[in-house]
Asks: 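Take a look at the following structure, please.
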Amino acid sequence: MKKIIAGLLIAVLAIAGIGIGYKINQADASGEEKSVTVLQADYPQYNTAEELVESSDLVFTGTVKNIEYQMIDVGTGEGPDEDTGFVDNEEIPYTLYTIDVDKVYKGSIDSSSIIVKRAGGSFGDDEYVVENASEISKGKNYLFVTETYEDTYPSLLNADQSSYDMDAPQTVMEREEKEIMLSDILKLF
Amino acid sequence: MKINKKMAVFLCMALICGFLVLPVQAATFMNCGDADGKITVQSYKDKYSAKWTKIIDKSIAAWNDSSANVNISVSAQSKNVIKAKRYNDTWYGLTTQTHNKTSGYTSKFIIKVNTKTIKAKATNYSKFARSTVTHEFGHVFWLADNPNTKKSSIMKYDRDRNTMVKPQQFDIDNVNKKYK
Ligand SMILES: [Zn+2]
């Protein structure tokens, strides 16, 4: 019994120790007044799979072959905006996913691969993190729900409801409140 | 000192669980925001249509007229810019904040508002746009997206953007925790 208590105490101290060590390291690293940039993206949320698919003009499955980062000017047209009058040609950080297309459920894709974009990415010291964004990994197979544009890459509809892992589908038991699952989308086709 | 063994085991387990559970809790605050809540934005009146000038004016007033201890003023020299136009993407709003890693204090922010997405989804364009701009200012005052609360909040993703244009009591209370 004493050994168990001693073991637990050591475990607790070790975890606490790691925590303190981490804090010290952080303080060291930031001694040089380093600045970072974060990005908050606000997207539409969808209550149902129907609503999600209805809002999309390109739904497909495929394997992620490459992930890269690029600054892109996604503004429409040069000169003053027809809605607001504002002029902006600034580039925004994006992550580009090159995908080998498997099956197209809605819309059409001309070639066997496609590049889709999502705001955020890594550029040297600047890490543009979009919070709550779903994980999209190289080599994995997903269903993507996107919107297409005439003069730039298609976008995922939002950060957390637009990519679904085809090899690890969730079970109904895991469903969180209002959560849309892969099976809900596939049922529509 | 005599330690009750059961108590000791319980305490150790509680501590371990505490360490494991803490990071999972939903955040109300981001790790960056303005130092004192008194911020400036670059003059916009000469860069926008009358309609959009009004939308930005009202979004700024929504914060300035609230009981939050914040103030947004307009200055020609400000590095902080509001950029609203049609962007080829699905987001309504995008806020980038450059901040000091140690203090979290923001030195510069840019708020982008996508009228293309707003136009496609809004039933009340002006209010929807104001809801977006007011929300984005919330980020500069440390507020995180989609707080885990049953209370009404301008930071919630599922708020009705066609009607909610002002910071809610929950938002004001949180901002005032930062700016006492
Ligand atoms: Zn936000």
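In the text below, chain A, chain B and the rest are named by the order of the sequence lines, each starting its count at 1.
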Asks: If you count the non-hydrogen atoms of other residues, nucleotides and ligands that lie under 6.0 Å from CD in Glu68(A), is the total more than 12?
Replies: yes
Asks: Count the heavy atoms belonging to other residues, nucleotides or ligands that lie under 6.0 Å from NZ of Lys166(B), then report whether that count exceeds 12.
Replies: no
Asks: Identify which part of Glu90(A) has an atom lying under 4.5 Å from any heavy atom of chain B, answering side chain, backbone, both or neither.
Replies: both
Asks: Start with the C-alpha gap between Thr98(B) and Thr37(A), add the side-chain angles, then the distance that decides, and say whether side chain to side chain donor-acceptor pair (under 3.5 Å) holds.
Replies: CA-CA 4 Å; Thr98(B) 304; Thr37(A) 304; 3.1 Å; yes
Asks: In terms of hydrophobic clusters joined by side-chain contacts under 4.5 Å, are Tyr92(B) and Leu39(A) together?
Replies: no
Asks: Under a 4.5 Å cutoff for heavy-atom pairs, which residue among Arg161(B), His135(B), Lys51(B) has the most contacts with chain A?
Replies: His135(B)
Asks: Among Tyr153(A), Tyr128(A), Tyr94(A), which residue forms the greatest number of heavy-atom pairs with chain B at distances under 4.5 Å?
Replies: Tyr94(A)
Asks: Take Gln40(A) and Leu94(B) through the test side chain to side chain contact (heavy atoms under 4.5 Å, CB included) and record every step on the way to the result.
Replies: CA-CA 6 Å; Gln40(A) 302 292 127; Leu94(B) 206 66; over 6 Å; no
Asks: Among Lys47(B), Lys108(B), Gln97(B), which has the most heavy-atom pairs under 4.5 Å with chain A?
Replies: Gln97(B)
Asks: For Ile110(B), is it the side chain, the backbone, both, or neither that has a heavy atom closer than 4.5 Å to a heavy atom of chain A?
Replies: side chain
Asks: Please state whether the side chain, the backbone, both or neither of Glu147(A) comes within less than 4.5 Å of a heavy atom of chain B.
Replies: side chain
Asks: Is Leu156(A) in contact with chain B via its backbone, its side chain, both, or neither, using a 4.5 Å heavy-atom distance?
Replies: backbone
Asks: Would Tyr157(B) and Asn158(A) satisfy side chain to side chain donor-acceptor pair (under 3.5 Å), going step by step from the backbone distance to the final call?
Replies: CA-CA 11 Å; Tyr157(B) 287 152; Asn158(A) 62 18; over 6 Å; no
Asks: Treat each ILVMFWY residue as a node, draw an edge where side-chain heavy atoms are under 4.5 Å apart, and state whether Leu186(A) and Leu188(A) are in one component.
Replies: yes
Asks: Determine the option with the most heavy-atom pairs under 4.5 angstrom with chain A, choosing from Lys116(B), Lys83(B), Lys119(B), Arg86(B).
Replies: Arg86(B)
Asks: With Ser155(A), which of Thr117(B), Asp89(B), Thr90(B) fulfils side chain to side chain donor-acceptor pair (under 3.5 Å)?
Replies: Asp89(B)
Asks: Check the hydrophobic clustering (I, L, V, M, F, W, Y; side-chain heavy atoms under 4.5 Å; chains of links allowed) and say if Leu143(A) and Ile67(A) are grouped together.
Replies: no
Asks: Look at atom NZ of Lys103(A) and say whether more than 12 heavy atoms of other residues, nucleotides or ligands are closer to it than 6.0 Å.
Replies: no
Asks: With a 4.5 angstrom heavy-atom cut-off, which part of Phe109(B) approaches chain A: side chain, backbone, both or neither?
Replies: neither
Asks: When rounded to the nearest 0.5 angstrom, what distance separates OG1 in Thr96(B) from CD1 in Ile92(A)?
Replies: 8.5 Å
Asks: Any chain of hydrophobic side-chain contacts (each under 4.5 Å) joining Val64(A) to Ile114(A)?
Replies: yes
Asks: Heavy-atom distances under 4.5 Å only: say whether Trp91(B) touches chain A with side chain, backbone, both or neither.
Replies: both
Asks: If you look at every heavy atom in Phe86(A) and Val81(B), which pair is closest and at what distance?
Replies: CZ-CG1, 4.5 Å
Asks: Who among Lys112(B), Met30(B), Lys121(B), Glu136(B) has the most heavy-atom pairs with chain A under 4.5 Å?
Replies: Lys112(B)
Asks: Taking Thr115(B) for its side chain and Asp83(A) for its backbone only, find out whether a donor-acceptor pair lies under 3.5 Å.
Replies: no
Asks: Heavy-atom pairs under 4.5 Å with chain B - which of Gly75(A), Gly85(A), Pro80(A) has more of them than the others?
Replies: Gly75(A)
Asks: Given side chain to side chain contact (heavy atoms under 4.5 Å, CB included), test Thr132(B) with Asp42(A) step by step and report yes or no.
Replies: CA-CA 8 Å; Thr132(B) 304; Asp42(A) 300 299; 5.8 Å; no
Asks: For residues Asp88(A) and Tyr87(B), determine if any side-chain heavy atom of one lies less than 4.5 Å from a side-chain heavy atom of the other.
Replies: yes
Asks: Less than 4.5 Å to any heavy atom of chain A: does that hold for the side chain of His139(B), its backbone, both, or neither?
Replies: side chain
Asks: With Asn88(B) as reference, evaluate Asp151(A), Thr76(A), Asp73(A) under the side chain to side chain donor-acceptor pair (under 3.5 Å) test and give the passing residue.
Replies: Asp151(A)
Asks: For atom OH of Tyr125(B), is the number of surrounding heavy atoms from other residues, nucleotides or ligands below 6.0 Å larger than 12?
Replies: yes
Asks: Is there a continuous path of hydrophobic side-chain contacts, each under 4.5 Å between heavy atoms, that joins Val130(A) to Leu157(A)?
Replies: no
